[in-house]
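Worksheet: the structure to be examined is printed underneath.
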Amino acid sequence: HVQLVESGGGTVQAGESLRLSCAGTGISLRSAFCVAWFRQAPGKEREGVAAIDGDRQTYYAESVKGRFTISKDNAKNSYRLFLQMDALRADDSAMYYCAAQRVVAGPFALQEWPYTYWGQGTQVTVS
């Protein structure tokens with residue numbers, strides 16, 4: 001049973017940084033899970049922000065390239081996923097979700113539909 005729990009959200013000013021974490025149980029590097037961050041702002045569709053696959057290949061949305069960094073830390077039966085967000089802007093404000101799926105082909109890593117497992121989200125507000 002896979003469970004994902006996000007943390008690290010908060011309210012910051014433009015230009016500041018935040019580091020989001022996602023604690024996962026029930027998955028591990030050996031399963032070659034692809035894990036990702038998505039976000040959803042009020043009135044907008046959920047969008048893929050960053051993803052990292054079992055080979056540690058990373059994928060980023062154009063709007064966050066150069067500002068956000070995704071990473072992960074694996075243990076035998078759990079992992080932690082991180083999103084370092086620098087130079088935050090007001091349009092980065094959203095609920096941020098982590099997601100996981102056993103295998104996701106690269107072209108679809110930032111699309112919502114392949115992912116089965118989702119966390120409850122953590123709010124990021126940039127003023």
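The first residue of the sequence shown is numbered 1, and numbering continues consecutively from there.
- Cluster annotation: L110 is not connected to F82 through the hydrophobic network of ILVMFWY side chains, with a link wherever side-chain heavy atoms come within less than 4.5 Å.
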F68 vs W37, test: ring-ring contact (aromatic ring centres under 6.0 Å, His included). Steps then yes/no.
CA-CA 11 Å; F68 290 12; W37 288 99; 10.0 Å; no
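- In this structure, CD1 on I52 lies 10.5 Å from OG1 on T69, to the nearest 0.5 angstrom.
- Closest non-hydrogen pair, A109 versus A51, comes out as O-CB, 3.7 Å.
- Rounding to the nearest 0.5 Å places NZ of K72 at 13.0 Å from SG of C98.
- Y97 does not carry R39 over the face of its six-membered ring by the limits of under 6.0 Å from the centre and within 45° of the normal.
- Between Y117 and F33, the two ring planes are tilted [angle within 30° to 60°].
- Atom CG of D91 sits about 7.0 Å away from atom OG of S63, to the nearest 0.5 Å.
- Taking OG1 of T25 as the start and CG of L4 as the end, the distance is 7.5 Å to the nearest 0.5 Å.
- R80 contributes no side-chain N or O that, together with a main-chain N or O of C22, makes up a donor-acceptor pair within less than 3.5 Å.
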Applying side-chain contact (heavy atoms from CB on, under 4.5 Å), run through Q84 and S17 and close with a yes or a no.
CA-CA 7 Å; Q84 178 66 39; S17 300; 3.9 Å; yes
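- Judged by distance alone, the side chains of S127 and Q13 never bring a donor and an acceptor atom under 3.5 Å apart.
- Both Y96 and V64 are assigned to one and the same hydrophobic cluster, defined by single-linkage of ILVMFWY side chains at heavy-atom distances under 4.5 Å.
- Side-chain contact between E45 and E112 is absent, with no heavy-atom pair separated by less than 4.5 Å.
- Side-chain atoms of Q40 do not come within 3.5 Å of backbone N or O of M95 as any donor-acceptor pair.
- Between Y115 and C34, the shortest heavy-atom distance links the atoms OH-SG, 3.4 Å.
- Using modelled atom types, one side-chain atom of T122 and one backbone atom of G9 make a donor-acceptor pair closer than 3.5 Å.
- The line from CD of Q101 to CG of D53 is 13.0 Å long, rounded to the nearest 0.5 Å.
- Taking each heavy atom of G48 and A61 in turn, the nearest pair found is O-CB, 3.4 Å.
- In the hydrophobic clustering of this structure, V124 groups with L81; members are Ile, Leu, Val, Met, Phe, Trp, Tyr whose side-chain heavy atoms approach within less than 4.5 Å, directly or through other members.
- Between M85 and L20 there is a side-chain heavy-atom pair separated by less than 4.5 Å.
- Without hydrogens or angle criteria, E6 side chain to Q120 main chain gives a donor-acceptor distance under 3.5 Å.
- For the atom pair CD of Q123 and OG of S93, the computed distance is 7.5 Å after rounding to the nearest 0.5 Å.
- A heavy-atom distance below 4.5 Å is not found between the side chains of V104 and Q111.
- Remark: the backbone N or O of Q57 is not paired with any side-chain donor or acceptor of D55 at under 3.5 angstrom.
- Side-chain atoms of Y60 come within 3.5 Å of backbone atoms of I70 as a donor-acceptor pair (strictly under, hydrogens ignored).
- Linking ILVMFWY residues whenever their side-chain heavy atoms come closer than 4.5 Å, directly or via other members, places L88 and V49 in the same cluster.
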